[in-house]
Amino acid sequence: MKKLGLHEVKKEFLDFFKEKDHLVEKSFSLVPKNDKSLLLINAGMAPLKPYFTGEVEPPRRRMATCQKCVRTGDIENVGKTDRHATFFEMLGNFSFGDYFKEEAIEFAWEFMTERLEVPKDKIWVTIFEDDDESFKIWNEKIGIEDKKIVRLGKEDNFWELEVGPCGPCSEIYIDRGEKHGCGKETCKPGCECDRYVEVWNLVFSQFDKDENGNYNNLTNKNIDTGMGLERMAAVLEGADNIFEVGEIKKVISEVERTTGISYGKDKKTDESIRVVTDHIRAMTFLISDGVLPSNEGRGYVLRRLIRRAARHGKLLGIEGAFLSELSSFIIKLWSEDYPELRENEVKIKKVIKVEEEKFQETIDQGINILDAYIKETKEKGEVVLSGDKAFKLYDTYGFPLDLTREILEEKNLKVDENEFNIEMEEQRNRARKAREGVGNGAWSKDDFSHRFKSFNTTFRGYEDIKLSSEVLGIFLEDEKVSKISEGEEGIILLNETPFYGEGGGQVGDTGTIKGDNFEALVLDTKKTKDNVIFHFVKVLSGEIEDGKEAVSQVDISRRNDIARNHSATHLLHKALKDVLGDHVNQAGSIVLPNRLRFDFTHFEGINENDLAKIEQIVNEKILEQLEVSTIETTLEEAKKMGATALFDEKYGGKVRVVKMDDYSMELCGGTHIDNTGKIGLFKILSESGIASGVRRIEAITGRAVYGYLLETEGQIDCVSKVLKTNRKDVVEKAKDLTEELKEKEKEIESYKGKMASSLADEIINEKRVINGINVVTYSVQNMDMNELRNLGDEVKNSLESGIIVLASVSDDKVSFVTMVTKDLVDSGYHAGKIIKEVSAVTGGKGGGRPDMAQAGGKDPKKVNEALELVDKLI
Ligand code: SER
């Protein structure tokens with residue numbers, strides 16, 4: 001066997017298949033394109049699906065790749081064993097309707113035995129149980145003896161994803177020798193032990209599985225093979241497992257260096273070191289490919305990886321954030337194969353840092369609470385933590401369920417996941433309701449729009465805003481009718497229309513439709529998924545009849561406002577990328593006549609400077625008067641041109657590219673102004689976070705900025721008038737006034753002090769002697785407890801010995817303070833006891849220390865009665 005490391009196996013494989021006429025392509029992004037069935041690329045074939053199904057013509061019928069892959073189905077086992085990993089690279093050779101079983105097997109054999117020089121006797125294979133054809137090839141052509149060809153069932157030897165290309169497969173195993181085995185008679189590929197390692201999977205991909213689980217025959221018979229790079233390198237290097245492979249070992253060493261803990265010494269710390277070693281690779285590659293942490297989908301996968309790694313870092317004794325530094329090491333080791341890592345280095349480190357720090361903040365808090373829950377659960381003698389507690393941890397402290405689950409497992413406890421899911425669902429419902437309350441203006445009656453399926457309407461609104469066409473259909477309250485009359489509101493379909501139907505975030509047009517004997521207002525325009533455009537109209541006069549001619553006219557000034565906002569949205573998108581980085585991507589957009597709203601991916605709030613810069617760039621691009629043009633082309637062509645493709649556009653078919661000179665280029669079906677100068681001006685009104693990793697900017701253009709300007713000016717004028725100055729001096733004047741106000745407050749404070757001492761003098765004058773004790777009672781108006789206590793202190797200071805009871809009366813309540821000097825406390829007088837009885841007269845309660853006590857009362861009318869009680873008490 002040749003001794004080859006990761007990079008060398010990769011090179012050997014790709015070179016081999018290049019010689020065999022394969023087109024060698026770079027790894028595709030981990031983020032699937034145009035494939036909603038998959039969260040992350042998890043196999044070499046995944047990004048090539050359209051070539052397998054025949055949907056898209058491949059650049060060549062033979063291809064080979066080394067594909068980055070992430071699989072998180074087994075994430076909980078990563079670390080626990082030395083076999084599981086989330087990130088790996090997969091080598092693969094593919095045939096799209098070109099060669100099939102025979103050549104695929106021959107190529108594999110040649111590569112294994114001649115290139116990698118794996119001894120022939122060490123190779124075993126498995127085949128799908130009734131695949132006699134494969135048996136024959138392995139047995140007769142290649143010469144593998146019968147007993148080394150193991151037939152296995154669908155579970156092992158039929159390869160498929162949820163949906164998509166799939167088929168029976170044949171797997172190649174390497175026998176690592178008896179010393180790795182279980183020693184059983186029956187031991188062979190498929191056995192649980194470590195003797196036979198599966199290194200290569202050859203899939204005879206001839207079906208296309210649909211959503212209903214049907215296996216439809218593919219026109220082409222294809223080959224999809226997958227070789228786990230790390231595993232193959234482990235075998236060739238003679239390493240025990242993937243964590244012992246040279247390159248991965250380097251990462252382990254780096255983790256050892258960072259934590260000061262050696263690998264291979266302790267089961268628990270080994271587990272944590274493996275978690276960090278695996279996850280750091282996965283997160284670095286994911287962020288490099290544009291994934292940002294969030295609470296959903298692939299963003300959540302990433303968040304989970306970062307948090308899990310951070311937590312195991314903590315278990316290894318690391319204080320604070322360390323993953324961001326560690327990612328540099330990954331970038332260093334892998335950037336030769338994946339130059340994008342270097343390009344995205346700043347972003348990768350920043351995203352990890354922000355997320356890790358955010359997590360550090362919550363984790364300490366969350367762990368304390370979880371510890372308390374664990375204690376409580378154990379004390380009750382239970383083994384299951386209730387779902388609502390786990391939900392509370394999640395909801396309030398951002399503590400993911402899986403983390404709770406893992407920590408609980410370490411303490412032999414479980415969590416009630418059912419209950420957790422119910423809580424989660426309820427929260428979703430609440431959120432949904434809240435959203436519905438606001439209304440999103442989207443056309444939601446899907447079944448209704450299905451009725452329009454048979455209609456064919458053409459949108460002419462890019463060129464014309466007024467045109468004559470034929471009424472194709474009329475609907476009144478869901479019913480198809482032949483006419484609608486004055487006063488009625490309904491839906492009209494035309495064979496051609498200048499009205500833009502709401503879509504791509506842009507609202508629908510409004511305007512008028514007129515005919516020989518009718519006139520109607522178009523209140524809104526929408527379109528169905530199949531691009532049938534329908535108009536909500538109100539008939540102002542006459543009758544609209546099916547089949548009649550109608551002249552449609554779009555409200556041009558409103559359309560222009562919308563176009564200004566739409567074009568500004570494109571400039572904003574690009575400016576955001578310029579200032580914040582290429583990870584910024586559209587996450588949602590609303591284009592209205594009076595404003596625009598743009599949601600995008602970014603991991604933290606935008607500071608004032610950057611926001612100002614973004615606004616400035618957009619305005620510069622407006623002033624540069626860039627020409628706006630549109631090009632119709634294919635998606636592939638558009639991507640080649642460098643257009644930003646926002647959503648999962650379908651392969652094939654025509655797409656529309658909106659280009660603003662050399663500055664911005666996006667796929668877009670919306671209506672735009674023809675020169676950025678026509679936007680007028682652009683003003684950002686707000687920037688905020690709407691979900692983890694998603695920010696929102698609201699902004700205005702054109703006449704709305706003018707309106708904003710007038711309003712702001714009006715406010716400044718108004719302020720100037722109130723401050724009795726001119727606009728020029730308004731800021732100075734406001735500053736002066738604030739200063740003056742502060743001075744005055746100080747003065748007032750000092751007067752209050754003076755007044756309090758003269759009031760104290762007045763109170764002392766009320767002093768009387770009862771039983772040889774100085775007694776002072778007094779009632780003031782509208783003092784708060786603080787002021788009342790200060791007053792009491794003043795009186796007490798001037799009175800060497802005595803008992804003071806003060807009351808303050810406001811509209812509906814009374815406050816009391818009682819003070820007793822030290823000598824009298826010593827002889828048994830107690831402020832708390834006195835006040836208790838005194839305040840009770842006014843319906844209040846209170847008490848306190850022997851020398852000072854305070855209380856509240858309810859009935860102001862009884863204050864005098866209450867104070868009179870003091871003398872009697874003493
Ligand atoms: N799709 C198969 C796998 O992932 C072969 O590439 O194993």
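The structure displayed is predicted, hence computed values, not measured ones. Every number for a ligand or one of its atoms is a count from 1 in the order of the listing.
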For Met45, the atoms of ligand 1 under 4.0 Å from one of its heavy atoms are 1 (N)
Atom 2 (C) of ligand 1 sits nearest the protein heavy atom Trp159 CE2, 3.4 Å
Under 4.0 Å, counting heavy atoms only: does Glu160 come that close to any atom of ligand 1?
no
closest protein heavy atom to atom 6 (O) of ligand 1 is Asp224 OD1, 2.7 Å
Q.
Distance alone, cut at 3.5 Å: any donor-acceptor contact between the side chains of Ser328 and Lys349?
A. yes
Contact region, Thr225 to ligand 1, non-hydrogen atoms below 4.0 Å, reads backbone
NZ or CZ of Arg151 within 45° of Phe135 ring axis and under 6.0 Å: yes
One finds that the ligand 1 atoms under 4.0 Å from a non-hydrogen atom of Ala43 are 4 (O)
Does any N or O of ligand 1 fall below 3.5 Å from an N or O anywhere on Asn42, backbone included? no
Practice item. Would you check if there is a donor-acceptor pair between the side chains of Arg60 and His22 at a distance under 3.5 Å? Key: no
Are side-chain N/O atoms of Tyr263 and Arg274 paired as donor and acceptor at under 3.5 Å? yes
Note: ligand 1 atoms sitting under 4.0 Å from heavy atoms of Arg71 are 4 (O)
In ligand 1, the atoms that come under 4.0 Å of a heavy atom of Gly226 are 5 (C), 6 (O)
Contacts of His312 meeting ring pair (Phe, Tyr, Trp, His ring centres under 6.0 Å) (sequence neighbours excluded), chain-then-number -> none
Asp98 and Ser95 side chains, donor-acceptor separation under 3.5 Å = no
Residue pairs passing the salt bridge (Lys or Arg N to Asp or Glu O under 4.0 Å) test with at least one member in residues 202-215, sequence neighbours excluded, are Glu160-Lys209
- Does Lys101 make a cation-pi contact with Phe204 (under 6.0 Å, within 45 degrees of the axis)? yes
For Val203, the ligand 1 atoms with a heavy-atom partner under 4.0 Å come out as 2 (C), 5 (C)
(message) If the contact criterion is a heavy-atom separation under 4.0 Å, does Met90 count as touching ligand 1?
(response) yes
